[in-house]
Protein chains: 2
Amino acid sequence: MNASESADPGLLALAEDFREALRHSIYLVRRLDADGELSAAQLSMLKMLLDAGRAAGGVRVGEIARNLGVKVPSATEQIIKLERAGLARREPDPDDSRAVRVTLTDAGLAAVASANERRNTVMAGVLSSLSDEDRAALAAALPVIGRINATLLA
Amino acid sequence: MNASESADPGLLALAEDFREALRHSIYLVRRLDADGELSAAQLSMLKMLLDAGRAAGGVRVGEIARNLGVKVPSATEQIIKLERAGLARREPDPDDSRAVRVTLTDAGLAAVASANERRNTVMAGVLSSLSDEDRAALAAALPVIGRINATLLA
DNA sequence: GTTCATAGTTAGGTAGCCTAACAGTTAGGC
DNA sequence: GCCTAACTGTTAGGCTACCTAACTATGAAC
């Protein structure tokens, strides 16, 4: 990597600022998650099961792990916890006896709904103190952040 | 909390989208931090020491904890690790014998610089695939996110 | 000069992640 | 057909970073 290949300084500055914002946001998320009875990891998994498992008959463990950016044993561990809490169910895959399909129970559905609502209310309270311009700027950036996330998880 | 107090639906939707973006970004940060020899928590603390401890003769443990959004014992734990790694130093506060002042060593300074540079380069690579408009939207939102973080950490 | 508050450390416990080793199932080559 | 290789998920063991509770030592108030 020589000088001609090195990145544009403006780009590096933006990268640094963005990383900084994310780094601080982690504490924001931690604060937001501290209240509920559902951990961040568990809520993430429930939400994922809601999104990805809607049409199909559940989501396979490997796919869950991939979607959440963790390894398969970590996914198994969380799934077992959710199962013990009555929020998710493990069923054999009819097409592949090696595989396991995970689905939300009704209780899981209710849990993700109420947890989301509580957290959204808190976050909305914070956002309500911003100016309209600030909110517009935030809204405009969210799809971009989504694209960045998609790029890195690909 | 009755109907007249309940939040604007648009605000709640923005809150949900923002939370969703942050939730996914956590995996992005995890990916970004996986490469280095410095953990995310340790890099955060080093960076904080760099920012907050510049003028003064170090940062007090309680202040470190507050800045990072963790409890004091967690801060102590990380500080001890940094100290053992030769990246930070603990010194008695001349004005208050109960207090401890933490400062970066030269090695700590070098470590935070190189870790930042590596992560910034990766992030810049991701950002380089975005359009100019996307980058502009992201840049415009970063101060807003900063304000949000400041609000919640206050 | 007790008493109360404050600063930090120590002890013990939990959640969530990892790698390595394992068991069961499927698919291919011969 | 069957033996090997690839794949799916679980189990075992270990690590990091967080927490609360209990403690020590210093400072401040009266």
For the pair made of [atom1] in [X] and [atom2] in [N], what is the distance, rounded to whole Å?
X: B:K71; N: C:dT9; atom1: NZ; atom2: P; result: 17 Å
X: B:R84; N: D:dA17; atom1: CZ; atom2: P; result: 12 Å
X: A:R66; N: D:dT8; atom1: CZ; atom2: C1'; result: 13 Å
X: A:I64; N: C:dG16; atom1: CD1; atom2: P; result: 15 Å
X: B:L43; N: D:dT16; atom1: CG; atom2: C1'; result: 15 Å
X: A:I79; N: D:dT8; atom1: CD1; atom2: P; result: 14 Å
X: A:I26; N: D:dA17; atom1: CD1; atom2: C1'; result: 12 Å
X: B:M45; N: D:dC18; atom1: CE; atom2: P; result: 8 Å

Base, sugar-phosphate, or nothing: which does [X] touch, judged by heavy atoms less than 4.0 Å apart?
X: A:R101; value: nothing
X: A:V72; value: base
X: A:S97; value: sugar-phosphate
X: A:S74; value: base

Compare side-chain N and O positions of [X] against OP1 and OP2 of [N] and report whether any pair is under 4.0 Å apart.
X: B:T76; N: C:dT9; answer: yes
X: A:Q78; N: C:dC17; answer: yes
X: A:S39; N: C:dA15; answer: no

>> Looking only at the side chain of A:P73 (C-beta and beyond, no hydrogens), which of the listed nucleotides C:dT10, D:dA12, C:dC17 gets closest?
In response: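 Closest nucleotide to the A:P73 side chain: D:dA12.
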> Any idea which of D:dG9, C:dA15, C:dT9 is nearest the B:R90 side chain?
Replying inline: C:dT9
>> Between A:E91 and A:R101, does any side-chain N to carboxylate O distance fall below 4.0 Å?
In response: no
>> Could you check whether A:E63 pairs with A:R60 (Lys NZ or Arg NE/NH1/NH2 to Asp/Glu carboxylate O, under 4.0 Å)?
In response: no
> So which one's nearest nucleotide on DNA chain C is more toward 5', A:D96 or A:A41?
Replying inline: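 Whichever sits nearer the 5' end wins; that is A:A41.
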>> So for atom NZ, which belongs to B:K47, do other residues, nucleotides or ligands contribute more than 12 heavy atoms lying within a distance under 6.0 Å?
In response: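 Yes - once you tally the heavy atoms of other residues, nucleotides and ligands closer than 6.0 Å, there are more than 12.
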>> Tell me which nucleotide, if any, is Watson-Crick or G-U wobble paired with C:dT14 when both distances must be under 3.5 Å.
In response: D:dA17
> Are the side chain of A:S129 and the backbone N or O of A:G125 linked by a donor-acceptor pair below 3.5 Å?
Replying inline: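 Answer holds: no.
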>> Any side-chain to backbone donor/acceptor pair from A:R135 onto A:L127? Under 3.5 Å, distance only.
In response: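 Flag set: sc A:R135 to bb A:L127 pair under 3.5 Å.
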>> Both A:R98 and A:E77 contact DNA chain D. Which one's nearest nucleotide lies toward the 5' end?
In response: A:R98
